[in-house]
Structure formats: C-alpha cells, structure tokens
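Contents: one structure, followed by commentary.
No hydrogens, no waters, no symmetry mates; every other heavy atom, side chains included, goes into these values. Counting starts at 1 for both ligands and their atoms, following the listed order.
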Amino acid sequence: MALLHILRYPHPSLREKAQPITVFDESITNLAKNMLETMYEAPGIGLAATQVHEAKRLLVIDVSENKDKPLYILNPQLVDKSGEIDNKEGCLSFPNIYANVTRAEQVTIKYQDLEGKEHILEADDLLAICIQHEMDHLDGKVFVDYLSLLKRNRIRKQLEKKQR
Ligand code: K1U
Ligand code: ZN
C-alpha cells in the first residue's frame, strides 16, 4: 500500500466533477485501499478521490473510535435526507481550518461497494455529516462554499500566509 498526496485548496482539481466508476477492478481496489491508509495517516475520518487527484466517484470513511469500521463508498447517490445539524468541520485539503456548517442530520444513500454490489445506507450524526462533506468533494464543492464571502476570504488569506 502507499500514501497518496492530498491536494490543498485552492488547487483547481478540487473543483472538478468526479466521474462514475463503471469498472470494478483491482486498480479501483488499490486506489481505495491507498486512500484509506492515507486517511488514517493524516489523520481524518473521510477522504474523497478528488482530494488525491483522481476524478472518480469514490469515498472512504471511518468514523469509528477504533478505526476498524472502514466504508468504501462508490458512486454514492442521495436517496433521502431529514433534519438539520450544525457542526464544526475540518478538511484535509484545508489544514488547521475549521468552520461551522449546517447539514442534514440524517441521510439515506445508495452506493456500490468495491465489487459493484449495491447497498443502501441510513446514516445520522457524524457519519451523515461526513458523507455529505465527502459527496460534495465529488461535485467540486468544498465546505467553505457554505460560508459568507467575508469568512471565505479570511480563510484564503490564512492559507496563503501559511504557504508563503
Ligand atoms: O478532508 C476531508 O474530507 C476529511 C475530513 C472529513 C470531515 C471532518 C469533519 C466533518 C466533516 C467531514 C476530515 O477528516 S478532517 C479531520 C477530522 O475531522 C478528524 C481527524 C482526526 C480525528 C477526528 C476527526
Ligand atoms: Zn474535505
């Protein structure tokens, strides 16, 4: 397995729309396993393929305390959502930046696993938040897009200062 490079905002590829996965082969499994290792090492609770420069509709997530319940989510589609929850979010593409985002409290998604088998997942709390955050990445959307222009500009300046 290998650690992958995580793109940092404002890399233009973070704005790309990822393409559906149609072939469920060893190369997708390897990418997913490498993403999981990269996510654990970061450390994070989720990672989208977009963040490692692969425009494919693939997410890895593990919100368990012991980091022993990995989810490989391919071609996710939102089926249902309800409620509202406010939570401070981070993002591995925005090191040390945290901001409050309002999202649905419960979501139901349809997705495929590494073999292409279809599943339905009902999620709430942190898992629901993480799924929504990662699905946004697949559409080129990042969590700061939910903030005011003033807050987004402040974050951009903070990141530019760090990269100097
Ligand atoms: O960059 C990413 O998309 C991953 C991101 C996922 C996420 C976090 C919080 C709310 C929604 C989505 C992260 O994992 S940031 C790091 C983080 O939250 C964390 C790291 C270690 C332990 C617990 C949380
Ligand atoms: Zn993120």
Checklist entry - Which residue, Asn75, Thr50, Asp139, forms the side chain to side chain donor-acceptor pair (under 3.5 Å) with Arg57? => result Asp139

Item to check | Name of the His133 atom (N/O/S only) found closest to the Zn ion (ligand 2) | outcome: NE2

With a cut-off of 4.0 Å, which atoms of ligand 1 are near a heavy atom of [X]?
X	value
Gln51	1 (O), 2 (C), 3 (O)
Leu92	1 (O), 2 (C), 4 (C)
His137	3 (O)

Are [X] and [Y] side-chain neighbours, meaning at least one heavy-atom pair lies under 4.5 Å?
X	Y	answer
His5	Val52	no
Tyr111	Met135	no
Leu114	Leu74	yes

Checklist entry - Does even one non-hydrogen atom of Leu47 get within less than 4.0 Å of ligand 1? => result no

Checklist entry - How close do Leu59 and Pro76 get, heavy atom to heavy atom, and via which atoms? => result CD1-CG, 4.1 Å

Next on the checklist: If we ignore hydrogens and angles and just use 3.5 Å, is the side chain of Glu16 paired with the main-chain N or O of Ser13 as donor and acceptor?
Outcome noted: no

In the protein, which heavy atom is nearest to [atom], and how far is it?
atom	result
atom 10 (C) of ligand 1	Glu89 CG, 3.6 Å
atom 7 (C) of ligand 1	Gly90 O, 3.8 Å
atom 20 (C) of ligand 1	Pro43 O, 3.3 Å
atom 4 (C) of ligand 1	Gly46 O, 3.0 Å
atom 22 (C) of ligand 1	Ile45 CG2, 4.5 Å

Checklist entry - Just by distance, with hydrogens left out, do Asn66 and Ser64 show a side-chain donor and acceptor under 3.5 Å apart? => result no

Checklist entry - Is Glu134 in polar range of ligand 1, meaning some N or O pair under 3.5 Å apart? => result yes

Next on the checklist: I want to know if ligand 1 touches His133 in the polar sense, i.e. an N/O pair below 3.5 angstrom.
Outcome noted: yes

Item to check | His137 NE2 and Cys91 SG subtending at the Zn ion (ligand 2) (10° steps) | outcome: 110°

Item to check | Within 45° cone and under 6.0 Å: Lys151 NZ/CZ vs Tyr146 ring | outcome: no

Checklist entry - Is the number of heavy atoms from other residues, nucleotides or ligands within 6.0 Å of CZ (Arg152) greater than 12? => result yes

